Amino acid sequence: MCVDKEGIAMKKIISKFLLAILAVLVAFCGLIVACAMDPSLEKDVAALADSLNLHIDIKKPEEEVQEASANAEGSQTDEAASETDKQENEPVAVTDVASAGDITDAAAAVSSFTYSADKEKEYAEYLGDWSTSGIDKGVVDDLQEDPLVNEDIDEVDENGEQVTYYDNIDEMTGYSLPTRDVIKLEDQTQVQEELKEIGMGYNGNEYSFSAELYPYYQILNDKCKSLYRQIYANTLNMWSEFLPAEMASPGEWNNALLSVVYDHPELFWLNTKLYTEYDFGGKVVKVRLYFYETELGNIETAKQNFAAATEPVVMMAGALETAAEKEQFIHDYLANKLTYKENSLDQSAYSGIVGNETVCAGYSKAFQYLMQQVGIPTYFVAGWGGGLVSGGMHAWNIVNMNDKYANVDVTWDDKDTIIYEFYNKPDSDFHRHKRMFNSCYLPACE
């Protein structure tokens, strides 16, 4: 793969910079002219800005709720009718295989999505938004925090020139945490209105999750394990709106959701960029999940595309003799196949397996899923990548081989010629990677 990632990144930065300057100049000139004509307009402009901000913050989630509700209504009716037929403890495997043409079309569609970046925050802001609510107390007490490494490592190239080892990789940090759309209910009347005719959907109590494959489930307390099973089951069945199975705080519900997202790359249709919670008295009384129905089109067809794209890779990797050979095959396959580029599905494994363009979240979830399919437990890791100022939210993996753990960052190994500077590394050599949120509790890589 020969991709000028530095050029792409520079063009992206210059374009954003020029557009921002143009927008500011136009707005500034307009305000100057308007306020000069009518000095009293200055206060009206400020009030209008405030009202517009409020309108934007509230209107968008409402529109998404209505759209998601309309899309889910038909599938909910079908799922409810067949609920009594669901007896198995694991997701049903997709057996229909799409044609090569379907896969090519799906890959092209994924690559064509546009992307609108959220406002980036700094490391401390992200960390301040998270709590340990719902994490087992023993797990929390046992955690030994390591400081964020904030240094460049300099090397000398073949011409004797001093180079910065981490040059440009700070641009390749594109993980997005789920954003909460919080709707606060002020009184019992509002609560009753919102909860009218809403049930728990699927409680998921028939599912169990092994410690070897699903470490994020294990770190939760019993209450949040119940929420985890419910989120998993409702996502599996495309049931988007439900009452929590347990009375939970926002922090508890958020950690249960994060754990499902991190453990299950196969749930690629779950939109992890946004969810809605309805709060009353400090408790979550109703939640709404969103699915990538618009981006993916027919979810069942997307599942077939996903299975068809996975099958040949798993077959080739599985034919290799050792776990080490299988791991390197999957690592190199994704690094050769993928180009780092943002799009509307870039937080899902689908973008990395069916599509050809994604960001670190897509690389990591695709690697996690493919490795698990060849029998190697592999975990998704969320945290900070790069410098304290220049870096950003990032995702990578931990590979578990016979209870020996190692870090792998396929994204940062993806150069014109594949490198292995971030391949099977202990924590001590995994510079500028800092685990955050629930990923703090994964095993140490030593």
Side-chain angles (χ1 to χ4, degrees), residues 1 3 90-113 115 174 213 235-236 238 261-272 291-320 325-380 395-397 399 408 410-411 413-414 418:
M1 181 180 64
V3 179
E90 294 298 332
V92 177
V94 177
T95 54
D96 295 331
V97 177
S99 68
D102 292 335
I103 298 170
T104 302
D105 293 343
V110 172
S111 299
S112 69
F113 291 129
Y115 174 83
L213 290 177
T235 301
L236 199 63
M238 295 285 292
V261 170
Y262 293 174
D263 269 344
H264 296 283
E266 74 276 11
L267 300 179
F268 60 82
W269 57 90
L270 174 63
N271 186 337
T272 61
F291 305 123
Y292 286 122
E293 294 175 286
T294 300
E295 294 85 350
L296 290 170
N298 185 283
I299 300 297
E300 292 305 315
T301 300
K303 289 178 181 179
Q304 294 171 13
N305 292 338
F306 190 78
T310 299
E311 185 178 14
V313 185
V314 172
M315 185 178 299
M316 287 184 287
L320 299 173
E325 289 175 316
K326 295 173 184 178
E327 179 191 14
Q328 184 174 348
F329 178 88
I330 293 171
H331 172 275
D332 292 358
Y333 168 79
L334 291 173
N336 281 317
K337 174 181 185 287
L338 296 175
T339 299
Y340 188 95
K341 186 176 181 181
E342 298 167 335
N343 61 72
S344 296
L345 284 169
D346 62 22
Q347 301 300 301
S348 74
Y350 193 91
S351 64
I353 289 179
V354 179
N356 295 318
E357 296 173 346
T358 190
V359 300
C360 57
Y363 277 84
S364 301
K365 290 180 179 179
F367 184 73
Q368 176 189 15
Y369 182 74
L370 292 173
M371 288 284 283
Q372 289 179 346
Q373 296 307 298
V374 297
I376 303 174
T378 300
Y379 314 134
F380 177 88
W396 62 97
N397 297 100
V399 174
V408 177
V410 184
T411 311
D413 275 346
D414 183 5
I418 298 172

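Note that this is a predicted model, so its numbers are computed, not measured. Both backbone and side-chain heavy atoms feed into the values below; hydrogens, waters and symmetry mates do not.
The nearest pair of heavy atoms linking N298 to T301 is OD1-N, 2.8 Å. When every heavy atom of Q347 is checked against every heavy atom of K365, the shortest pair comes out as O-NZ, 2.8 Å. The two residues C360 and A395 come nearest to each other via the heavy atoms SG-N, 3.5 Å. Shortest non-hydrogen contact noted between N397 and F367 is OD1-CD2, 3.3 Å. Y292 and S348 make their closest contact through CE1-CB, 4.4 Å (heavy atoms, listed as atom of the first residue, atom of the second, distance). In terms of heavy atoms, D346 sits closest to V359 at O-CG2, 3.5 Å.
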message: Apply side-chain contact (heavy atoms from CB on, under 4.5 Å) to residues E327 and T378 and explain how you reach the verdict.
response: CA-CA 10 Å; E327 179 191 14; T378 300; over 6 Å; no
- request: Apply side-chain contact (heavy atoms from CB on, under 4.5 Å) to the pair V261 and F380, showing each step before the final yes or no.
  value: CA-CA 9 Å; V261 170; F380 177 88; 5.9 Å; no
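Residues N305 and Y350 meet the side-chain proximity criterion, which asks for heavy atoms closer than 4.5 Å. Between V354 and F268 the shortest side-chain heavy-atom distance does not fall below 4.5 Å.
Here the side chain of S351 pairs a donor or acceptor atom with the backbone of L345 at under 3.5 angstrom. Here the side chain of Y340 pairs a donor or acceptor atom with the backbone of G174 at under 3.5 angstrom. For D413 (side chain) and I418 (main-chain N/O), no donor-acceptor pair under 3.5 Å exists by modelled atom type. W269 places a side-chain N or O within 3.5 Å of a backbone atom of T235 that can act as its donor or acceptor partner.
Here the CD1 atom belonging to I376 is positioned 13.0 Å from the CD atom belonging to Q368, to the nearest 0.5 angstrom. To the nearest 0.5 Å, the span separating CG on L270 from NE2 on H264 amounts to 11.0 Å. Atoms CD1 and OG1, on I353 and T310 in that order, are 4.0 Å from each other to the nearest 0.5 Å. Residue L213 holds its CG atom at 9.0 Å from CG of D263, rounded to the nearest 0.5 Å. Atom-to-atom distance recorded for E311:CD and Q373:CD is 11.0 Å, nearest 0.5 angstrom. If you take CE on M316 and OH on Y333, they are separated by 6.5 Å, rounding to the nearest 0.5 Å.
For L320, the side-chain contact (heavy atoms from CB on, under 4.5 Å) criterion is met by E325, K326, F329, not counting sequence neighbours. Remark: Y369 pairs with F306 by the ring-ring contact (aromatic ring centres under 6.0 Å, His included) rule, at least two apart or across chains.
In the model, Y363 has a side-chain atom that pairs as donor or acceptor with a side-chain atom of D414 under 3.5 Å.
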